[in-house]
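All remarks here apply to the structure that follows.
Please read these numbers as outputs of a predicted model, since none were measured by experiment. When reading the values below, keep in mind they use all heavy atoms of this one structure, side chains included, and skip hydrogens, waters and symmetry mates.
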Amino acid sequence: MRHVNIPVFIPHLGCPNQCVFCNQRSISEHQSFSEEGVRAEIEQVLSTLVPEDEAEIAFFGGSFTGIDRGLMCRLLDLAQTYVKEGRVASIRLSTRPDYINAEILSILSRYSVKTIELGLQSMDDAVLLACRRGHTAREAEVACRAVVAAGFSLVGQMMIGLPSATPESEMQTAQKICDLGASAVRIYPTVVFYDTPLCEMTQHGLYAPLSVKEAVERTAPVLQLFRARAIPCIRVGLCATESLTSPEAVLAGPNHPALGEMILGECLYQKLKEKVLQLGLAGQRIILEVPPRELSATVGQHRCNIEKLQRETGATVHRVVACEGIAECRVRPHSQKTV
């Protein structure tokens, strides 16, 4: 069964301020919001689905629980009609930690809201202050605990390379997201959009954007932590849209169409190298057995991971084999038969 989000974008609606990195209109490609057009958006996506698909209406783009209460409830009422009709299974929404409280959670519990995504970005107060988030790490922690305690699935969204952030603070943020009960995560390396305070900071030399290489190196350990804790990562990096590839939208930063796969590839490479060394296979002829879904990322773009593994361990990769039914890559000597 395929899970399909039916996105309803509400760019900047409900946001109390503009964070230094944020230009939701560029990110989502939605310049405005029309309540009257929501039903048509939902119907358009539903018309493309097959009976086996499990659909979920997802309110993305702004801070859903911070918009006008009447509008919020009308949108939830509309989404709920699709649930009652059996055309969608549930409702998902994204919001800010400081727009979560007992009253809001009580309202959401009256509907078929299954998942609440919180834009945490960082759990470091210095980073939150530098980004003008308008809330503290403590408020974010309280919101996460409240969402989980109320029975919703929590998705934590975090960013890499924010102003004042360090690799250490990013790992601490990831660890807290794990500890606070997140059922899934999204990781966004910071991209500098035009018409944002971060753009001005960059142009004045007050912020140094990450290169693609730096983004890969800083994000891979974070992704590895989530994988080790069995917390799925829904997405790494922004969705590739026409606006994100436009030179009119992006000033700088790791805005690469294959960034997610490159980061996963680095994560898998480090694990692979560790196994080769632990098994004493450095300098030997080896075979890699890989889950089919991770074959491309394991090999790397232009076989870069295979070449790097051979260069750094002296091992010779005889063959890479896609194997159904295995959870992670296995390494064995070329002379050893598969058991």
Side-chain angles (χ1 to χ4, degrees), residues 1-4 52-54 155-156 158 160 167 170-171 174-175 177-178 182-189 212-240 254 256-339:
M1 179 182 292
R2 184 180 66 145
H3 177 86
V4 179
E52 293 76 22
D53 290 335
E54 180 185 74
V155 175
M158 69 171 288
I160 303 293
E170 289 159 358
M171 286 296 289
Q175 186 64 60
I177 291 174
C178 293
S183 59
V185 296
R186 296 182 192 264
I187 310 172
Y188 298 112
V212 171
K213 182 175 183 293
E214 289 170 331
V216 170
E217 291 174 348
R218 280 176 65 159
T219 308
V222 170
L223 178 59
Q224 182 57 47
L225 173 61
F226 288 128
R227 288 169 63 89
R229 294 286 295 270
I231 298 176
C233 184
I234 299 172
R235 180 158 195 90
V236 180
L238 296 167
C239 292
H256 191 288
L259 184 64
E261 179 159 304
M262 293 165 68
I263 291 168
L264 176 59
E266 177 63 18
C267 183
L268 295 173
Y269 170 75
Q270 293 299 333
K271 191 70 175 178
L272 184 58
K273 178 182 176 182
E274 178 185 329
K275 288 185 176 182
V276 170
L277 297 177
Q278 285 181 344
L279 293 171
L281 295 176
Q284 296 191 37
R285 198 172 179 83
I286 61 175
I287 290 177
L288 309 182
E289 297 172 341
V290 184
R293 68 184 182 281
E294 295 181 349
L295 179 60
S296 176
T298 300
V299 172
Q301 291 192 322
H302 309 295
R303 292 180 62 84
C304 64
N305 282 349
I306 301 302
E307 293 176 3
K308 184 163 61 170
L309 182 69
Q310 295 181 148
R311 185 170 62 250
E312 295 187 357
T313 68
T316 300
V317 178
H318 176 71
R319 190 165 68 249
V320 182
V321 184
C323 293
E324 297 285 353
I326 62 175
E328 60 179 32
C329 182
R330 299 188 303 204
V331 184
R332 62 182 175 87
H334 174 230
S335 59
Q336 179 181 315
K337 295 181 179 180
T338 304
V339 178

Suppose we screen for side chain to side chain contact (heavy atoms under 4.5 Å, CB included). Which residues come up paired with I326, at least two apart in sequence or across chains?
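If we apply the side chain to side chain contact (heavy atoms under 4.5 Å, CB included) test to I326, skipping adjacent residues, the hits are E289, P291, C323, R330.
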On a heavy-atom basis, which atom in [X] and which in [Y] lie closest, and how many Å separate them?
X: A215; Y: P189; result: CB-CB, 4.1 Å
X: Q284; Y: G280; result: NE2-O, 3.1 Å
X: A322; Y: L295; result: CB-CD2, 4.2 Å
X: P221; Y: E217; result: CD-O, 3.1 Å
X: A327; Y: R293; result: O-NH2, 3.7 Å

Given L272, V317, L309, I287, the one that forms side chain to side chain contact (heavy atoms under 4.5 Å, CB included) with V331:
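With V331 as partner, L272, V317, L309, I287 yield a single side chain to side chain contact (heavy atoms under 4.5 Å, CB included), made by L272.
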Applying the side chain to side chain contact (heavy atoms under 4.5 Å, CB included) test to I160, which of V222, I263, V216 qualifies?
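Between I160 and the candidates, side chain to side chain contact (heavy atoms under 4.5 Å, CB included) is satisfied uniquely by V222.
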Could you give all pairs that pass the ring-ring contact (aromatic ring centres under 6.0 Å, His included) test and reach residues 290-325, with sequence neighbours left out?
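Qualifying pairs, neighbours excluded: H318-H334.
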Quick test of your reading: applying ring-ring contact (aromatic ring centres under 6.0 Å, His included), list the pairs with at least one residue in residues 258-286, sequence neighbours left out, ordered by first then second residue.
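Residue pairs with at least one partner in residues 258-286: there are none.
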Within this structure, what is the [atom1]-[atom2] distance for the pair [X] and [Y], rounded to the nearest 0.5 Å?
X: L259; Y: L238; atom1: CG; atom2: CG; answer: 9.0 Å
X: D53; Y: R2; atom1: CG; atom2: CZ; answer: 4.0 Å
X: R229; Y: I177; atom1: CZ; atom2: CD1; answer: 11.5 Å
X: K275; Y: I286; atom1: NZ; atom2: CD1; answer: 11.5 Å
X: L223; Y: C233; atom1: CG; atom2: SG; answer: 5.5 Å
X: R332; Y: L279; atom1: CZ; atom2: CG; answer: 12.5 Å

4.5 Å side-chain heavy-atom contact, [X] and [Y]:
X: E266; Y: K308; answer: yes
X: V236; Y: L264; answer: no
X: Q175; Y: L225; answer: yes
X: N305; Y: V299; answer: no
X: K271; Y: C329; answer: no
X: E214; Y: P254; answer: no
X: L288; Y: I306; answer: yes
X: Q270; Y: Q224; answer: no

Mind checking what makes side chain to side chain donor-acceptor pair (under 3.5 Å) contact with [X], not counting sequence neighbours?
X: E170; value: R218
X: Q278; value: E274
X: R227; value: E294

Exam field: side chain R235 to backbone G237, donor-acceptor pair closer than 3.5 Å:
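A pair under 3.5 Å: yes.
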